[in-house]
There are 4 protein chains.
Amino acid sequence: MAVAGKSKKDVLLEFRTTEILDAARHVFAEKGFNDATIDQIAALAGVAKGTVYLYFESKRDLFLAALREGVLALHAEVAAQLLTAPTCEAKLRAFIAARFHYFSRNRDFFRIYYTEFSHLPTGAANARPEFKDLYEEQATLLETVLADGIQLGQLRPCSVARTARLIYDLIRSALAQHILTDDPESPDLPINSVFDFVWNGIGTK
Amino acid sequence: MAVAGKSKKDVLLEFRTTEILDAARHVFAEKGFNDATIDQIAALAGVAKGTVYLYFESKRDLFLAALREGVLALHAEVAAQLLTAPTCEAKLRAFIAARFHYFSRNRDFFRIYYTEFSHLPTGAANARPEFKDLYEEQATLLETVLADGIQLGQLRPCSVARTARLIYDLIRSALAQHILTDDPESPDLPINSVFDFVWNGIGTK
Amino acid sequence: MAVAGKSKKDVLLEFRTTEILDAARHVFAEKGFNDATIDQIAALAGVAKGTVYLYFESKRDLFLAALREGVLALHAEVAAQLLTAPTCEAKLRAFIAARFHYFSRNRDFFRIYYTEFSHLPTGAANARPEFKDLYEEQATLLETVLADGIQLGQLRPCSVARTARLIYDLIRSALAQHILTDDPESPDLPINSVFDFVWNGIGTK
Amino acid sequence: MAVAGKSKKDVLLEFRTTEILDAARHVFAEKGFNDATIDQIAALAGVAKGTVYLYFESKRDLFLAALREGVLALHAEVAAQLLTAPTCEAKLRAFIAARFHYFSRNRDFFRIYYTEFSHLPTGAANARPEFKDLYEEQATLLETVLADGIQLGQLRPCSVARTARLIYDLIRSALAQHILTDDPESPDLPINSVFDFVWNGIGTK
DNA sequence: TATGAATGAGAATTCATTCAT
DNA sequence: CATGAATGAATTCTCATTCAT
């Protein structure tokens, strides 16, 4: 029994946390960080303004939490998909597809992710170490795929770090077109486009 | 004499405008639109707060002016380079190189450009028509190169619009790595990387 | 107990509202709308600037609230007095007297009322519909008295609307002399003067 | 020759002054004191902003000058009309009529006059001695008429000062209805109404 | 004299954050 | 724990006034 772990209190706590995070994600996605207000988030979460501060230190903190949570889920999903892919080519396609599918289901989150992670590599100026880590984890995933592919001779040799970054941003770019324009189509077409572009380039042979 | 054109007054006016725009570019680049204040910009420009409003209607207007000016200069430079390139391959390389060179010389501007244009394709939500046009002009340039290349059989057939967007964002991504990390190296290496990636993809054959 | 109605919270809310309105009335009376500042009002009310905005949407809104409240109270008092007056002559005198008495007790309010309602009949230009209504209610009261008086042959026939307006403004004028000069005398003398002037004119027979 | 008086310089000076005063009157009438800007006035007068300050100390000063000028002209016209009226009754009617006619021709001015003079007797708070005098001069004119009328037995005895004020404000009230509603009718009707009201009161007998 | 660019004090309003209940 | 009233720092923008040319 002791293993059960979650008391009623814990459940409530987690519930509130989730509720607030969901509201935050929605409002931040809608209005952007600056134009979102704690009032709006609290209202949407169905709690009082002060309550938000019981769960999160500050507006910024809440924002980061919303971002982190989503990124972790994304990472888990992508990593899982990667495991099932046998070849390097399949892994690359899975990486792309997993991201498209995840964000298709979490469009609010994409807006935050997109905004914030574009600012990410701003180097020193940005000073957001928590983020860096989240990003690194993603990048590492892709870099491993690339490194393996090169080793196996299935990929042309290149700078793994640099190329991973390119692919990563390429996917983000294609996602932006797919998500931000509220394209209701299946993501299969852009997934193929991106993969084809990455794999074959645009030159004829 | 009558041809002189610029009176002393005009010179001063232009000088002030430039001064303020430079300051704006710097502060906006440093802090982002929301965290930049007119006070800071005025101080950096060496004028009083009110003076800024003599030259620009509002904070937003100032921001857009800084952006527009840079984009127009960029566009002119890129277009010029494109003209001198004989083949489709050369044109694509020129497109990439021109952007790298321009932004290497205008790093402050890149930060603004990068931030704002990433938010661009947000569709209806964005409602910034002045921008759309600036972007379109750039995109068209690249699309023309692609369309010609396909016609000449030098490029694999693809969706011109979609591919142009991918390349465009790919360059932005590589630029971000180069510029935002304050990489002092010559941009030649990333230029080649990007071109190679675009042209050949990453797959072996 | 359930009947109590006002919780502690309601009381506090009403108290704050009153406090702010009183302060507003005072400052607006002293300085006029434009030269009054929210800072001054907040300070006088003993609250922070932001608190004012918790109770009123804007400076203008606060001003109108102060005005409206006073006008409604005035109207109620005048209407009550009118009911107790038996004859047309008595009603007219009551109308005049009630206004003098009310404003003698609410001198701050008179200054606002005086300023704002003099601008009232500016026709279309004014565009303050909330006001128009408040004014109309007052005017109607007087018009009814006049119309009845004419019907009963106690008043000389005349344009009821026009005459009501004249009397209304006449009272305001006399009030201005009485209130704005801080005349400490009983208002009985000006009340009689005004009534006599209105009733008999100045010509000898 | 020395009597000629006005050099070319003087003429220009007077011309500019008039031009600015006219513009000021118009803008102040349109927007009110606070919302009128020196820029607007200068533009309408066809001079540069700084020039206004060559002729008038401050915005307030300009406003007062516009007011003073109009009041003096009004006063002169009214005084002239009074001279031609033989009886007390005629003088009173002339006083009313002259004001209606003057303001019918100077509607812009009425708006300023109306606004400012309603605030006038605000006692100490107002501290505008220049005005007091302008007002007194007008009042004296009317008081003299009343005093004479009482002496001749054509008017019922009353407080001359108080009654003059009442009549004065009554006229203003009727004027407001006539002018501010842009009534295009001849002012004869309201002139008669006012006179009748003043002379006979509203009571029968 | 005339100009109009520059100034900067000032004011309304917002909203993250705190804390007494 | 939860609440939401209160706070007040911060920010944009305006415009009367000055002064170098």
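The structure displayed is predicted, hence computed values, not measured ones.
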Cation over ring face, C:Arg68 and C:Phe63, 6.0 Å, 45°: no
Euclidean distance, atom CD1 of residue D:Ile41 to atom P of E:dG4 [Å, nearest integer]: 17 Å
N/O (side chain, A:Arg16) to phosphate O (OP1/OP2, F:dC1) under 4.0 Å: no
Protein-nucleic acid N or O pairs under 3.5 Å, nucleotides 12-15 of chain E:
from: E:dA12; atom 1: OP1; to: C:Lys59; atom 2: NZ; distance (Å): 3.1
from: E:dA12; atom 1: OP2; to: C:Ile38; atom 2: N; distance (Å): 3.4
from: E:dT13; atom 1: OP2; to: C:Tyr53; atom 2: OH; distance (Å): 2.7
from: E:dT13; atom 1: OP2; to: C:Lys59; atom 2: N; distance (Å): 3.0
from: E:dT13; atom 1: O4; to: C:Lys49; atom 2: NZ; distance (Å): 3.1

Separation of atom CZ in C:Phe28 from atom P in E:dA11, rounded to whole Å: 13 Å
Test salt bridge (charged side-chain N to carboxylate O under 4.0 Å, His left out) applied to D:Asp39 - qualifying residues, sequence neighbours left out: D:Lys49
Sugar-phosphate, base or nothing in reach of D:Phe56, heavy atoms under 4.0 Å: nothing
Ranges pairing with ranges for DNA chain F, where each run has three or more Watson-Crick or G-U pairs under 3.5 Å: E:2-21 with F:2-21
Sidechain-backbone polar pair: C:Glu14 side chain, C:Val11 backbone, donor-acceptor under 3.5 Å: no
Length of the CG-C1' vector between C:Leu62 and E:dA11, whole Å: 15 Å
Separation of A:Phe28 CZ from A:Asp108 CG (nearest 0.5 Å): 12.0 Å
Value in whole Å for how far the P atom of F:dA10 lies from CD of B:Gln40: 12 Å
Side-chain N or O of C:Tyr55 closer than 4.0 Å to phosphate OP1/OP2 of F:dA5: no
Side chain B:Thr51, main chain B:Val47, donor-acceptor under 3.5 Å: no
Length of the CG-P vector between B:Leu13 and E:dG4, whole Å: 13 Å
Whether C:Lys31 side chain and C:Thr37 backbone form a donor-acceptor pair below 3.5 Å: no
Worked verdict on B:Arg25 versus B:Glu69 for salt bridge (charged side-chain N to carboxylate O under 4.0 Å, His left out): CA-CA 10 Å; B:Arg25 192 151 37 237; B:Glu69 194 208 40; 2.8 Å; yes
